[in-house]
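Okay, so here's the structure we're looking at.
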Amino acid sequence: MILSVEHPVLDAEVDEFEVVHFSNYLRWYSNALKEFLGRYSSPPGFLGDGVEVRVARVRASYSNSALRNDTVRVSVTRAENLGRSLQLRFRAEARGQLLARAELDLVFVQKDPYRLLSVPAVFAARLAEEQRAPGERAA
């Protein structure tokens, strides 16, 4: 696991049956994504002058429902640098149960002139360092 964030379910996120609407999971994944980008860029959140991150694709599956009064733990479990994109995997859990999984494909774009970029080098280097076995990390 790369990181986890906790989110207490808010009254506005549940329906009359005390169940969280599925769209809230996307917001929770977005919050974990912001935490991830802040942690793996330097300075936090900076990807380069005029560089923005965009979500290119989301795939999600739901197993159980979050309920009123739950605290949901959303985790980024994997990050894979695919060169022109970054693929992140997420899990949402509460009460010891898997609630949902998602996969987000991110791309990085230069705003002016507009063009698709590779995963920023400093970002890719930090990810690679994090994913090395503890004995392989540089001193």
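Fair warning: this is a prediction, and the values are worked out from it, not measured in the lab.
At a threshold of 4.5 Å between side-chain heavy atoms, the hydrophobic network of Ile, Leu, Val, Met, Phe, Trp and Tyr places V109 and V51 in two separate groups. Put simply, Y62 and L104 are part of the same group of oily side chains (I, L, V, M, F, W, Y) that touch within less than 4.5 Å, one to the next. Linking Ile, Leu, Val, Met, Phe, Trp and Tyr whenever their side-chain heavy atoms come within less than 4.5 Å leaves V119 and V107 in two separate clusters.
Considering only heavy atoms from C-beta on, T71 stays 4.5 Å or farther from H7 through its side chain. Looking at R68 and D11, their side chains come closer than 4.5 Å, going by heavy atoms from C-beta outward. L67 is not listed as a side-chain neighbour of V9, based on a closest heavy-atom distance of 4.5 Å or more.
Every pair passing side-chain hydrogen bond (donor to acceptor under 3.5 Å, both in side chains) that includes a residue from residues 73-83 is listed here, sequence neighbours excluded: S4-S75, E6-R73, R78-E80. Counting only residues at least two apart or in different chains, side-chain hydrogen bond (donor to acceptor under 3.5 Å, both in side chains) contacts with residues 88-101 comprise D70-R95, R89-E103, R91-E93, R95-Q97. Pairs of residues two or more places apart, or lying in two chains, never qualify as side-chain hydrogen bond (donor to acceptor under 3.5 Å, both in side chains) while including a residue from residues 111-124.
One distance of note links OG of S41 with CG of L127; it measures 10.0 Å at 0.5 Å rounding. To the nearest 0.5 angstrom, E13 atom CD is 14.0 Å from F22 atom CZ. Summarising the geometry, atom NE2 belonging to H21 is positioned 10.0 Å from atom CG belonging to L26; distances are rounded to the nearest 0.5 Å.
Within a 6.0 Å radius of CG in D15, more than 12 heavy atoms belonging to other residues, nucleotides or ligands are found.
A79 approaches I2 most closely through the heavy-atom pair N-CD1, 3.5 Å. Across all non-hydrogen atoms, the minimal contact from V53 to L106 is CG2-CB, 3.9 Å. Taking all atoms of both residues into account, the shortest heavy-atom contact from L99 to A66 is CD1-CB, 3.8 Å. Minimum heavy-atom separation, F108 to L116: O-CD1, 3.5 Å. In plain terms, the two heavy atoms of L3 and F36 that are nearest each other are CD2-CA, 3.5 Å.
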Would you please test L86 and Y40 for side-chain contact (heavy atoms from CB on, under 4.5 Å) and show each step?
CA-CA 12 Å; L86 184 64; Y40 288 91; over 6 Å; no
Go through the steps for L88 and Y29 under the test side-chain contact (heavy atoms from CB on, under 4.5 Å), then give the verdict.
CA-CA 10 Å; L88 299 178; Y29 298 144; over 6 Å; no
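Not one N or O on the side chain of E52 forms a donor-acceptor pair closer than 3.5 Å with the backbone of L47. A donor-acceptor contact shorter than 3.5 Å links the side chain of N64 to the backbone of L98.
When each of N31, L33, V5 is tested with V74 by the rule side-chain contact (heavy atoms from CB on, under 4.5 Å), just one qualifies, namely V5.
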